[in-house]
Amino acid sequence: MRILSYSSEMETQWNTLVEKSKNGTFLFDRRFMDYHADRFTDCSVVFLDDKRKTIVGALPANWCSSEQTVYSHQGLTYGGLILLPGCTTTDVMQMFDLACTHYRHQLGAKTIVYKPVPYIYNRYPADEPLYALFRHDARLTARSISTTISLDAPLPMQQLRHRLVNKALRHQLSVTAATSTEDLQQFWDALNTSLLQHHGVRPVHSMHEMQLLMARFPNHIQLYVTKNPDAKLLAGVWILHCGPVAHLQYITTTEEGRQCGALDLLIATLTEKLRVSYQTSEMSQPMQHRYLDFGISTERQGHYLNEGLIFQKEGFGGRGVCYDTYELNI
């Protein structure tokens, strides 16, 4: 096996690997990763199996020279090795050895910060990197907790959430998939206002970037919104279709929407839609989403838990899945 630095000439091969992998999602597609390429110094690598003459693994990564650290990857929620289903534990151990040597010699790196793909995204068992991290004496440095619904056996919603859903229905609110620029603008305005008021921050993505990514990945990124009878947007969520997982990002509601259960109706509607889709799909069809993931409710590398936020998510029947970060000295 050989390790090669990624270059733009490998884009097609890289994307093919992601599509065929046992644990990759479209977030690793170079068309997604490279939309913010100007913010990071890319140092991704691929692993070439000389016998099979093909790329069998890849590591999305960026380099921070001031820290002498390789990150996998600061522009992604999770990173780590992307592996073909045929990769064995011995293969992955070899990939780790090659990566450590490559980054030490080529960049003078002292540390790799590694964010493994959470198990819910795996289409086939893929915990070999966790074993390799253990063998390299990697240290767990951050652990965030997300809230996830298992769509094959969802827990019931809490009564509070049911009451708010019924309230939204009495107000004649409706949930639709948004397609217009006007809907996206209303959603981004509501999101920006909410984040500034409650957290003092702005969305990671600009309005233009959201529009760009939705155009590039129309089958993977959707916007769902709740509106009142006057077509006023009261709640919205960006949904990322990531293989076995439907991941919700930018869950937001206006103050008016909060008062009448707009977000509760939105989440309940999406959950039921995804549950029915998963439970009625045939084995011969492409795999439907098995999980609905709300995202993390922690800050400061997991040392602070937003109990109000996670209470709301757990009210829909979600339970915990960890998003971890490891650090290994090389």
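The model shown is predicted, which means the values in this text are computed figures rather than measured ones.
For the side chain to side chain donor-acceptor pair (under 3.5 Å) with Y35, the qualifying choice from R30, E209, H205 is H205, the only one to do so. For the ring pair (Phe, Tyr, Trp, His ring centres under 6.0 Å) with H73, the qualifying choice from Y6, F40, F32 is F40, the only one to do so. Of the options T253, L234, T254, a side-chain contact (heavy atoms from CB on, under 4.5 Å) to C260 is made by L234 and by none of the others.
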- Task: I would like to know whether R275 and I149 meet side chain to side chain contact (heavy atoms under 4.5 Å, CB included); could you show each step before the answer?
- Result: CA-CA 10 Å; R275 184 195 66 80; I149 293 175; over 6 Å; no
- Item | Residues T101, L98; criterion side chain to side chain contact (heavy atoms under 4.5 Å, CB included); working and verdict | CA-CA 5 Å; T101 302; L98 286 169; 5.9 Å; no
- Task: Using the salt bridge (charged side-chain N to carboxylate O under 4.0 Å, His left out) rule, take D29 and R31 through it: C-alpha gap first, then chi angles, then the decisive distance, then the call.
- Result: CA-CA 5 Å; D29 189 298; R31 293 171 299 163; 3.1 Å; yes
- Verify side chain to side chain contact (heavy atoms under 4.5 Å, CB included) between L266 and V225, making sure each step is shown before the conclusion. CA-CA 7 Å; L266 175 56; V225 297; over 6 Å; no
- Message: Run W14 and M33 through side chain to side chain contact (heavy atoms under 4.5 Å, CB included) and show every step you take.
- Response: CA-CA 12 Å; W14 177 289; M33 286 183 60; 4.2 Å; yes
Residues 235-246 side chain polar contacts: donor-acceptor under 3.5 Å, at least two apart:
{"unit_1": "H241", "atom_1": "ND1", "unit_2": "H289", "atom_2": "NE2", "d": "2.7"}
{"unit_1": "H241", "atom_1": "NE2", "unit_2": "Q222", "atom_2": "OE1", "d": "2.7"}

Using residues 173-182 as the side-chain source, report each donor-acceptor pair under 3.5 Å to any protein atom, sequence neighbours left out, with the distance given to one decimal.
{"unit_1": "S180", "atom_1": "OG", "unit_2": "D183", "atom_2": "N", "d": "3.1"}
{"unit_1": "S180", "atom_1": "OG", "unit_2": "D183", "atom_2": "OD2", "d": "3.2"}
{"unit_1": "T181", "atom_1": "OG1", "unit_2": "Q211", "atom_2": "NE2", "d": "3.3"}

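Residues D127 and N122 have side chains in contact (heavy-atom distance under 4.5 Å, counting atoms from C-beta outward). By the 4.5 Å heavy-atom criterion applied to side chains, Y103 and V45 are counted as neighbours. The shortest distance between side-chain heavy atoms of F316 and L270 does not fall below 4.5 Å. Side-chain atoms of T111 and E67, non-hydrogen and from C-beta on, never get closer than 4.5 Å to each other. At a threshold of 4.5 Å between non-hydrogen side-chain atoms, the residues D152 and R290 count as touching. Looking only at side-chain heavy atoms (C-beta outward), L223 and Y250 stay at 4.5 Å or farther from each other. Put simply, the side chain of L328 reaches to within 4.5 Å of the side chain of L133, judged on heavy atoms. A 4.5 Å side-chain heavy-atom check between S5 and H102 finds at least one atom pair inside the cut-off.
By the criterion of side-chain heavy atoms lying less than 4.5 angstrom apart, applied directly or through intervening Ile, Leu, Val, Met, Phe, Trp or Tyr residues, F26 is grouped together with L212 in one hydrophobic cluster. Hydrophobic clustering of Ile, Leu, Val, Met, Phe, Trp and Tyr side chains at less than 4.5 Å, counting indirect connections, keeps V113 apart from L140. No continuous path of hydrophobic side-chain contacts links L17 to Y124 [ILVMFWY only; heavy atoms under 4.5 Å]. Y326 and M95 fall within a single hydrophobic cluster, where Ile, Leu, Val, Met, Phe, Trp and Tyr side chains are chained together by heavy-atom contacts under 4.5 Å. Under the 4.5 Å side-chain heavy-atom criterion for grouping Ile, Leu, Val, Met, Phe, Trp and Tyr, L191 is not connected to L265 through any hydrophobic cluster.
Taking OG of S44 as the reference point, atom CE of M10 lies at 10.5 Å (rounded to 0.5 Å). The CG atom of N166 sits 12.5 Å away from the NE2 atom of H171 when rounded to the nearest 0.5 Å. Expressed to the nearest 0.5 Å, how far CE of M207 lies from CZ of F187 amounts to 10.5 Å. Distance check: L263 CG to R161 CZ gives 8.0 Å after rounding to the nearest 0.5 Å. We find the NE2-CG distance between H247 and L27 to be 8.0 Å, quoted to the nearest 0.5 Å. Taking CD from E9 and CD from E11, the interatomic distance works out to 10.0 Å, rounded to the nearest 0.5 Å.
E19 and N15 share no side-chain donor-acceptor pair at under 3.5 Å. Counting only N and O atoms by type, the side chains of T269 and Y224 include no donor and acceptor under 3.5 Å apart. For the residue pair D293/T148, the side-chain donor-acceptor check at 3.5 Å is satisfied.
Across all their heavy atoms, Y78 and P116 have their closest contact at CB-O, 3.8 Å. For the residue pair C100 and I330, the shortest heavy atom distance occurs at SG-CG2, 3.4 Å. In terms of heavy atoms, I267 sits closest to L248 at CD1-CD1, 3.7 Å. In terms of heavy-atom proximity, K115 sits nearest to S72 at N-OG, 3.3 Å. L81 and Y114 get closest at one heavy-atom pair: N-OH, 2.9 Å. Taking all atoms of both residues into account, the shortest heavy-atom contact from A109 to V70 is CB-CG2, 4.0 Å.
With hydrogens and angles disregarded, a donor-acceptor distance shorter than 3.5 Å links the side chain of K22 to the backbone of P125. Checked by atom type and distance alone, the side chain of N192 never pairs as donor or acceptor with a backbone atom of W188 at under 3.5 Å. In this structure a side-chain-to-backbone donor-acceptor pair under 3.5 Å is present from K167 to Q259. Proximity of a side-chain donor or acceptor of S277 to a complementary backbone N or O of L274 within less than 3.5 Å is not detected. When atom types are taken as modelled, the side chain of N23 and the backbone of L83 share a donor-acceptor pair closer than 3.5 angstrom. Of the possible donor and acceptor atoms, one in the side chain of T141 sits under 3.5 Å from a partner among the backbone N and O of T325. Side-chain atoms of T147 do not come within 3.5 Å of backbone N or O of R319 as any donor-acceptor pair. In this structure, the side chain of D230 does not engage the main chain of K232 through any donor-acceptor pair within 3.5 Å.
Taking the six-membered ring for Trp and the full ring otherwise, the centers of F28 and Y121 sit at least 6.0 Å from each other.
Counting side-chain heavy-atom gaps under 4.5 Å among Ile, Leu, Val, Met, Phe, Trp and Tyr, the cluster of I310 also holds I145, L305. Clustering of Ile, Leu, Val, Met, Phe, Trp and Tyr side chains at separations under 4.5 Å places M93 together with Y131, F134. Residue F311 is found in a hydrophobic cluster whose other members, listed by chain and number, are L160, L164; membership requires side-chain heavy atoms under 4.5 Å apart, directly or through intermediates.
Open room surrounds CZ on R202; 12 or fewer heavy atoms of other groups in view lie less than 6.0 Å from it. For R135, the CZ atom sits in a loose shell: 12 or fewer heavy atoms of surrounding residues, nucleotides or ligands are nearer than 6.0 Å.
Applying the side-chain hydrogen bond (donor to acceptor under 3.5 Å, both in side chains) test to pairs two or more places apart or on separate chains, those with a residue in residues 85-100 are T88-D91, D97-H136.
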